[in-house]
Amino acid sequence: QVQLVESGGGLVQAGGSLRLSCAASGRSFSAYTMAWFRQAPGKEREFVASISWGVGSTLYVDSVKGRFTISRDNAKNTVYLQMNSLKPEDAAVYYCAGKLLSIPTEARLYDYWGQGTQVTVSS
């Protein structure tokens, strides 16, 4: 069993930056692909980025490429999402998710989820 706790959300002006963190409890964190999803009001949950187990390969949705960076520290059981040049359309609840030994981008395939952290971007 893995428990995920996100932090780092908040209110930021357009063009600003935030860093989200997701702390995981449980064993074998390094064997999990970790991902960030987001969900805005009235919209479906959207894949944002993932970082694989093993070599740490990364994937990003096109809308955040070049602005967001996902990283992980296996020694700290933590995954991060550095968000730069934030836009109003990035505003959403951001969720951390974990999946053992595979690298999906579909939310339904992830086994573990955090409670979410709100990101608000003012224009």
Side-chain angles (χ1 to χ4, degrees):
Q1 190 77 359
V2 174
Q3 291 184 323
L4 304 175
V5 179
E6 302 100 332
S7 61
L11 172 64
V12 64
Q13 288 188 330
S17 298
L18 283 174
R19 188 175 84 153
L20 305 183
S21 299
C22 173
S25 64
R27 300 187 299 175
S28 304
F29 174 76
S30 61
Y32 285 79
T33 286
M34 300 301 297
W36 289 95
F37 289 79
R38 64 187 179 187
Q39 189 166 19
K43 295 188 176 182
E44 292 188 355
R45 194 164 295 191
E46 174 190 34
F47 171 83
V48 176
S50 67
I51 185 164
S52 73
W53 63 281
V55 298
S57 300
T58 58
L59 290 171
Y60 298 92
V61 67
D62 285 347
S63 60
V64 308
K65 285 180 181 177
R67 300 188 298 123
F68 290 12
T69 302
I70 189 170
S71 61
R72 66 191 297 161
D73 185 337
N74 289 335
K76 295 182 178 180
N77 281 13
T78 302
V79 62
Y80 305 97
L81 186 68
Q82 178 67 44
M83 305 186 294
N84 298 328
S85 303
L86 281 160
K87 304 176 181 180
E89 52 264 41
D90 294 318
V93 177
Y94 281 70
Y95 296 91
C96 174
K99 175 67 177 178
L100 183 65
L101 295 177
S102 65
I103 315 174
T105 58
E106 297 179 57
R108 64 181 179 87
L109 297 177
Y110 278 81
D111 298 317
Y112 301 103
W113 291 87
Q115 82 288 351
T117 186
Q118 178 72 51
V119 172
T120 304
V121 184
S122 63
S123 56

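All heavy atoms count here, side chains included; hydrogens, waters and symmetry mates do not. As the structure is a computational prediction, the values presented were derived from the model and not from experiment. We count residues from 1, following the sequence as given.
A salt bridge links K65 with D62: the distance from a Lys NZ or Arg NE/NH1/NH2 to an Asp or Glu carboxylate oxygen falls below 4.0 Å.
Here the CH2 atom belonging to W53 is positioned 7.5 Å from the CD1 atom belonging to I103, to the nearest 0.5 angstrom. The CG atom of L18 sits 4.5 Å away from the CE atom of M83 when rounded to the nearest 0.5 Å. To the nearest 0.5 Å, atoms CG (D73) and CZ (F29) are separated by 8.0 Å. Expressed to the nearest 0.5 Å, how far CD of E44 lies from CD of Q39 amounts to 8.5 Å. Interatomic distance, CG of L81 versus CE of M34, reported as 12.0 Å (0.5 Å rounding). Between S63 atom OG and K87 atom NZ the span is 8.0 Å, to the nearest 0.5 Å.
Sorted pairs that involve residues 48-57 and meet salt bridge (Lys or Arg N to Asp or Glu O under 4.0 Å), not counting sequence neighbours, are lacking altogether. Within the structure, the ring pair (Phe, Tyr, Trp, His ring centres under 6.0 Å) test picks out the following pairs touching residues 76-111 (sequence neighbours left out): F37-Y110.
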Identify every side-chain donor-acceptor pair in residues 116-123 under 3.5 Å, counting partners at least two apart or on other chains, and give the distances.
residue: T117; atom: OG1; partner: G9; partner atom: N; Å: 3.2
residue: Q118; atom: NE2; partner: A92; partner atom: O; Å: 3.4

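Counting all heavy atoms, side chain and backbone alike, V79 lies closest to S71 at CG2-O, 3.1 Å. Annotation for S17 and N84: closest pair OG-OD1, 2.9 Å, computed over non-hydrogen atoms. The two residues Y32 and R72 come nearest to each other via the heavy atoms O-NH1, 2.7 Å. Residues I51 and G56 approach most closely at CG1-O, 3.6 Å, considering heavy atoms. Of all heavy-atom pairs between D111 and L100, the closest is OD2-N, 4.3 Å. Listed here is the closest heavy atom pair of D90 and S85: OD2-O, 4.4 Å.
Counting only heavy atoms from C-beta outward, the side chains of W36 and F68 never approach each other to under 4.5 Å.
Of the possible polar contacts, one joining the T33 side chain to the S102 backbone as a donor-acceptor pair under 3.5 Å is found. In this structure a side-chain-to-backbone donor-acceptor pair under 3.5 Å is missing from Q115 to V5. A donor-acceptor distance shorter than 3.5 angstrom exists from the side chain of E6 to the backbone of C96, with no hydrogens or angles considered. Within the 3.5 Å criterion, the main-chain N or O of S57 finds a donor-acceptor partner in the side chain of S52.
Both L101 and L4 are assigned to one and the same hydrophobic cluster, defined by single-linkage of ILVMFWY side chains at heavy-atom distances under 4.5 Å.
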